[in-house]
Amino acid sequence: MPIFALLDCNNFYVSCERVFNPALEGQPVVVLSNNDGCIIARSNEAKALGITMGEPYFKCKPLLDRHRVRVFSSNYALYGDMSQRVMEVLGRLEPEVEVYSIDEAFIRLPAAKEEGLRILGMDIRTSVRRQTGIPVSIGFGPTKTLAKLANRLAKKHPEHGGVFALLPESGIGSILKGVGAGEVWGIGSRSTRKLADHGIRTAYDLSRANETWIKKHLSITGVRTMHELQGVSCFPLEETPQPKHSIACSRSFGAPVTKLGEMHEAAVSYLTRAAEKLRQQQLKAGCLTLYLATNRFRTDQPQYANSRTMTLPCPTADTALLIEQASRCLKELFRPGYAYQKVGVVLTDLMSGHMHQPNLFSIPRRNRDPLLQALDRINQRWGKDTLQYASAGLSKPWHHKQAMKSPSYTTSWRELPVVLAS
DNA sequence: TCTGGGGTCCTAGGACCC
DNA sequence: TCTGGGGTCCTAGGACCC
């Protein structure tokens, strides 16, 4: 029986900041979401102060100030690049790896004894730490769900040295009795409540639950999770990433937007980003959705949210053509008199960029692929938005907040760290 | 004053077809 | 009063993940 491992970077975003700013070691550190909105990463010291995940920044700012917590805006250029380094190290060590998220990877291994796995886990940990500076934890189990759980336990109990194996020979059942059902991968807050109402409180209870009841209330995915807890693998390793079904880009505004002109600039900017992603993955979109919304937390203000989806005359990855359609959507959706907080675009009906299905009634256009390729190459070489569409605006008063961002140490020549010898 | 963003899967119900 | 049955496709909404 093969074994799964889950490697998870500890407090990933905080660890990335620490690699290039070692003075942050041992200090409480947090990283904020886009627009400096919520807490999305905390160092152990920050967790110990009682700062919770997802808490709005403005609400916990007094506490952060009081304890001199170091606060950072999110720096995705840095985190993305560090993630790639971690995955590269892992890829050199292990042949069967699935990159699951920015800070997690599953590994498939041949059957092994607990002691062998511990040694392997320690080796991987040491290599990743030495080659990237990022600390990681590793959990082993006969299924992905159990490996996830083992990883959680590795983090929760530091005495295991960041590596933990959950194997039949060490008695999975007794350990599952000490784990809440809501801590299981795939069981969110709604399902946790539903399960508790039915007397299912621990991971062990869930592994022994009535399958028909689970199917009815948690659907087929709940049944799979239940089987995985029993040690029956239902989620295979997926080494090759599946092509995307949708590509989206949206941001909250740094300050409320009331004018159609500013809204249009923002929409064009996000659409530009989405189209870049589309071309990067060699895809075309057949469908475009644009949505906008006021701030739903401001119940004292008039609320409005709406979206419009349109099928494109012809599938495309051409930013200019997408802008044309999105502008029409926006004109239909926009209502004056509201303080808008957000606009976003979603591209769907994605297909391979090599496929070509011309519209019978449209006049064939000149092939603009070389133009788009040149545009992407220039922006890649000289930095984001070196060339941009004029309709994205120049001063961008709506731009999201990012007041405490660290330098892009590894992805921008201008922001390279400087080392001084004394 | 200030509350993120991107993505997936599943199901139920309606529309439609023969 | 009494109004078929089986199938597919699409969409919206719910739930989950990081």
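First the proteins, then the strands, lettered A, B, ... as listed; each starts at 1. A quick note: this is a predicted structure, and the numbers were derived from the prediction, not measured.
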Worksheet entry | Below 4.0 Å: OP1/OP2 of dC16(C) and any side-chain N or O of S191(A) | yes

Item to complete: Please report, rounded to the nearest Å, how far the C1' atom of dA15(C) is from the NE2 atom of H217(A).
Response: 15 Å

Item to complete: Describe the nucleic acid contact of K61(A) in one word from base, sugar-phosphate, nothing, applying a heavy-atom distance below 4.0 Å.
Response: nothing

Discussion item. Check D197(A) with R193(A), please: is the shortest side-chain N to carboxylate O separation under 4.0 Å?
Written reply: no

Worksheet entry | Sugar-phosphate only, base, or nothing, as touched by S74(A) at under 4.0 Å among non-hydrogen atoms | nothing

Discussion item. Under 4.0 Å, counting only non-hydrogen atoms across every strand here, what does D36(A) touch: a base, just sugar-phosphate, or nothing?
Written reply: nothing

Item to complete: If dG13(C) has a Watson-Crick or G-U wobble mate with both distances under 3.5 Å, name it; if not, just say none.
Response: dC10(B)

Worksheet item: Within the structure shown, what part of the strands sits under 4.0 Å from I187(A) by heavy-atom distance: base, sugar-phosphate, or nothing?
Response: sugar-phosphate

Item to complete: Indicate the ring-plane relationship of F20(A) and Y409(A), choosing parallel, tilted or perpendicular according to the 30° and 60° boundaries.
Response: parallel

Worksheet item: What does E55(A) touch in the nucleic acid at a heavy-atom separation under 4.0 angstrom: a base, only the sugar-phosphate, or nothing?
Response: nothing

Discussion item. Ring-plane angle category for Y13(A) and Y79(A), please: parallel below 30°, perpendicular beyond 60°, tilted otherwise.
Written reply: parallel

Discussion item. By nearest heavy atom, map I247(A) and K216(A) onto DNA chain B; which one lands nearer the 5' end?
Written reply: I247(A)

Worksheet item: Does R224(A) place a side-chain N or O at less than 4.0 Å from the phosphate oxygens OP1/OP2 of dC10(B)?
Response: yes

Item to complete: Assign L32(A) to base, sugar-phosphate, or nothing according to its heavy-atom contacts below 4.0 angstrom with the strands shown.
Response: nothing

